[in-house]
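So the structure is just underneath, and the comments pick up after that.
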Amino acid sequence: MSKNKKLFTTPLLKNNPITVQVLGICSCLAVTAQLKPAVVMALSVTVVVALSNFIISLMRNTIPPRIRIIVQLVVVSALVILVNQVLMAYVYDVSKQLSVYVGLIITNCIVMGRLEAFAMSHKPWESFLDGVGNGLGYGIILVILGFFRELFGSGTIWGYPVMEKLGMYKIGYENNGLVIMAPMALILVGVIIWIQRSKDKELCEK
Amino acid sequence: MEYFNIFIKSIFIDNMIFAFFLGMCSYLAVSKTVKTSLGLGVAVTFVLTITVPVNYLLNKYVLEPGALSWISDSLKGVDLSFLSLIMFIAVIAAITQIVEMVVEKFSPALYNSLGIFLPLIAVNCAVMGGSLFMQQRAYDNIGEVTCFALGSGIGWLLAIVGIAAIREKLRYSHIPPALKGVGITFIITGLMGLAFMSFMGIKL
Amino acid sequence: MKSGGLEMKNFSNKYIFIYAAALVAVVAVILSVVAMGLKDRQQENVRNEKMQTLLAAINVATDRDGAEALYKQYFTSELTVGTNGEVVSEYDIAADNMVKGEVRAFAINLKDEQNKEKSGAKGAFPVYLFQKDGKTGYVIPTQGNGLWGPVYANIALDEDFNTVVGVTFSHDSETPGLGAEITTEKFQAPFIGKQILDESGNVVSIAVKKNADPNGAHEVDAISGGTMTSNGVSAMLGDDLMRYQAFINNMLQGQAVEAVAENAADAPQEEANEKEVSNE
């Protein structure tokens, strides 16, 4: 059990898919201008990674190695289409905000990376946990980014006007539009990596 | 003129990396030297320019609601758009495979420099993203789509070669140890993105 | 269980083909079933959102689920009109009945119609009639290009087809904090009370420009820093409203009713004829 627990917890911090493995950056930056799409994206990716890990692991002994990648792609894109359809039906507003980035989960390196590195050689239940762990590790970074970008960029959290309620505008505070824009997202990730690596010297690159 | 606008716009303003963060994984992994990043950039441009127009035709004549009406009128109500993701990725995977085989057969020299990158490209978000943006933005004809694809590819190439050149110089700089490698690359990409934002003012 | 035996296994070509075919078949079946199952709900979302934006243009705030009921309450009928001012189709919302023509204005894709006009064919453009506080009015939807992608607006006009009583703007991908400000109250409020016709009844639209005169009937202030989006909005309003010139002339001169009756006489639609007779 402790081994399974470890599978689940290491990707959260020590082997975080974004800041340590440097996978799945594309979608992480584009959907974090606000907290809500960031959370939905994090959940979608977690579902896709966990389920595709599970399914591929079940199938792993029957998959002909020659068409391995294409089989993985088919399974992943089928799952992504399912997620996309469900989002369009039940959380339409968010699915509009996420636009093409839901489709891009297919090419999210976290998914393919975990399939190749883990699911092809481990049992279904372990693979499932590994998928959930990696999905959530990805999610943590998304939520942190989404929180700060929405707070400083629009002055709200989950749509609730925090800055206005605190009376910040009255004392001359202005929202920083730059935080919402693309380049600032990159710089923020850089800063998160910086903070994490200065706490944990092992992760530093030489 | 319309074509030229789309071309310039997709290189500088709608840059795949700086505006949409697409293809970041290979961008970060392969940008250590100018030479290899140039190779990958050319390969991405090449694959984008082929796959996006092919997917455009696929979308227009097979997937869109009512797209099958050219076969017979009774198929007018068929809407296969829910299959677009899986079809696009299949086309991309197939075409990268074909390109790899063709290049290997006819130009071994090119294959030696590009070959190792081609399998990577199938799962490059920039390539998939190109097809998805094409579908979302509803371009009018295949000429516009090709300009968009070529422009996006060149924009990506520009970005990766630029960052590789900077990273080569960075090796001789004093960077806080925790920021070395990925961290500083992110921040520099952000700064480059800021610089690229000034292209927004271009009147097209 | 020992894993990693993949390399040792030899799969025949036949196996690979059957495997691939089976996989594709299974995936296709699952996806089709789910897509069919959720399709109604998705289309309902799209429909309700459109109703919501139309309602917003006449200053009726609602959430998406309540949109349909309110839409039926406030809007009376949907017309599509050609650029010569003729009424192509009419749909009675309360009675849920196509009075004339075949395509509901609601089902029209504005971009398609614009492209038709561009390529020389004839398009049909929607007008929504509403009743609010005992007064009739018209909502005209428009679509154009901002800096990054499409921008949309619904313009609600008073019964004189001139005074703006409400407006909503939306966009797909304008820059947050700059162009995206077109969705804010600050940008939209000044539109109310502006006029789209000049004194002799020609459509002159409303220009979005810097340092606009607040008392000018045909101009509103642009967004600072969002010049390209503002220009896009200006061009969109100009182009799209201009298409209704002939229709507005007809309506103002009370000729539209006749035109409707004339056209309806050609079509074998009993109900339509009855209605027109009663109108006259």
Side-chain angles (χ1 to χ4, degrees), chain A residues 18-32 69-70 72-74 76-78 80-82 84-85 88 99-113 178 181-201 203-206, chain B residues 15-29 82-90 92-94 97 119-137 175-197:
Chain A
I18 293 184
T19 58
V20 183
Q21 301 175 44
V22 202
L23 294 175
I25 312 293
C26 324
S27 51
C28 120
L29 300 166
V31 300
T32 50
I69 300 283
I70 204 94
Q72 292 170 357
L73 273 178
V74 167
V76 173
S77 36
V80 170
I81 292 177
L82 291 184
N84 192 19
Q85 296 283 329
M88 282 200 312
S99 74
V100 298
Y101 291 96
V102 179
L104 287 172
I105 299 177
I106 297 178
T107 50
N108 191 316
C109 329
I110 296 179
V111 182
M112 294 299 282
L178 186 63
M181 299 213 181
M184 206 56 199
L186 289 160
I187 294 174
L188 279 176
V189 176
V191 172
I192 292 178
I193 293 178
W194 190 2
I195 294 171
Q196 194 194 2
R197 291 190 181 178
S198 33
K199 295 247 181 249
D200 191 344
K201 298 277 185 233
L203 298 173
C204 293
E205 286 172 45
K206 280 164 209 151
Chain B
N15 188 289
M16 279 282 178
I17 294 271
F18 299 129
F20 299 111
F21 318 103
L22 295 180
M24 286 297 284
C25 303
S26 27
Y27 170 85
L28 291 168
F82 67 93
L83 285 177
S84 43
L85 294 179
I86 206 166
M87 293 301 278
F88 287 172
I89 194 74
I92 291 168
Q97 195 72 58
L120 269 178
I121 287 171
V123 287
N124 186 317
C125 340
V127 177
M128 183 69 179
S131 289
L132 291 174
F133 278 128
M134 170 277 295
Q135 190 188 29
Q136 193 194 35
R137 290 183 192 156
I175 301 164
L179 207 51
K180 263 190 186 155
V182 188
I184 194 71
T185 314
F186 268 110
I187 292 176
I188 289 172
T189 310
L191 295 176
M192 286 168 77
L194 276 180
F196 264 67
M197 272 171 70

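Letters go in sequence order (proteins before strands), and every chain restarts at 1. The structure presented is a predicted model; accordingly, all values stated were derived computationally and were not measured.
For A:Ile70, the part sitting under 4.5 Å from any heavy atom of chain B is the side chain, from C-beta outward, and nothing else. Of the two parts of A:Ile81, the backbone and the side chain both hold a non-hydrogen atom closer than 4.5 Å to a non-hydrogen atom of chain B. Proximity to chain B is absent for every atom of A:Met184, based on heavy atoms less than 4.5 angstrom apart. For A:Asn108, no part lies under 4.5 angstrom from a heavy atom of chain B. With a 4.5 angstrom heavy-atom cutoff, B:Leu194 touches chain A via backbone and side-chain atoms both. When heavy atoms are compared at a cutoff of 4.5 Å, B:Ile184 does not approach chain A at all.
For the atom pair CG of A:Leu178 and CE of B:Met197, the computed distance is 6.0 Å after rounding to the nearest 0.5 Å. Note: A:Leu73 CG to B:Ile92 CD1 = 9.5 Å, rounded to the nearest 0.5 Å. Between atom CE of residue B:Met24 and atom CG of residue A:Leu186 there is a gap of 5.0 Å, rounded to the nearest 0.5 Å. With values rounded to the nearest 0.5 angstrom, B:Met128 atom CE is found 11.0 Å from A:Ile105 atom CD1. Atoms CD1 and CZ, from A:Ile18 and B:Phe186 in turn, are 8.0 Å apart once rounded to the nearest 0.5 Å. Going from atom CG of B:Leu85 over to atom CD1 of A:Ile106 covers 4.5 Å, rounded to the nearest 0.5 Å.
Remark: A:Val74 engages B:Ile86, C:Leu23, C:Val27 in a side chain to side chain contact (heavy atoms under 4.5 Å, CB included) (not counting sequence neighbours).
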Got a list of side-chain donor-acceptor pairs under 3.5 Å for residues 15-23 of chain B, not counting sequence neighbours?
{"from": "B:Asn15", "atom 1": "OD1", "to": "B:Ile17", "atom 2": "N", "distance (Å)": "2.9"}
{"from": "B:Asn15", "atom 1": "OD1", "to": "B:Phe18", "atom 2": "N", "distance (Å)": "3.2"}
{"from": "B:Asn15", "atom 1": "ND2", "to": "B:Ile11", "atom 2": "O", "distance (Å)": "3.0"}
{"from": "B:Asn15", "atom 1": "ND2", "to": "B:Gly155", "atom 2": "O", "distance (Å)": "3.2"}

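Between chain B and the options A:Ala78, A:Ala185, A:Gly190, heavy-atom pairs under 4.5 Å are most frequent for A:Gly190. For the set B:Gly193, B:Ala93, B:Cys125, the count of heavy-atom pairs under 4.5 angstrom toward chain A peaks at B:Cys125.
Nearest heavy-atom pair across A:Ser198 and B:Ala178 is N-CB, 3.5 Å.
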For side chain to side chain contact (heavy atoms under 4.5 Å, CB included), just list the numbers for B:Val182 and A:Arg197, CA-CA rounded to whole Å, side-chain angles, deciding distance to a tenth of an Å, and then say yes or no. CA-CA 11 Å; B:Val182 188; A:Arg197 291 190 181 178; 4.3 Å; yes
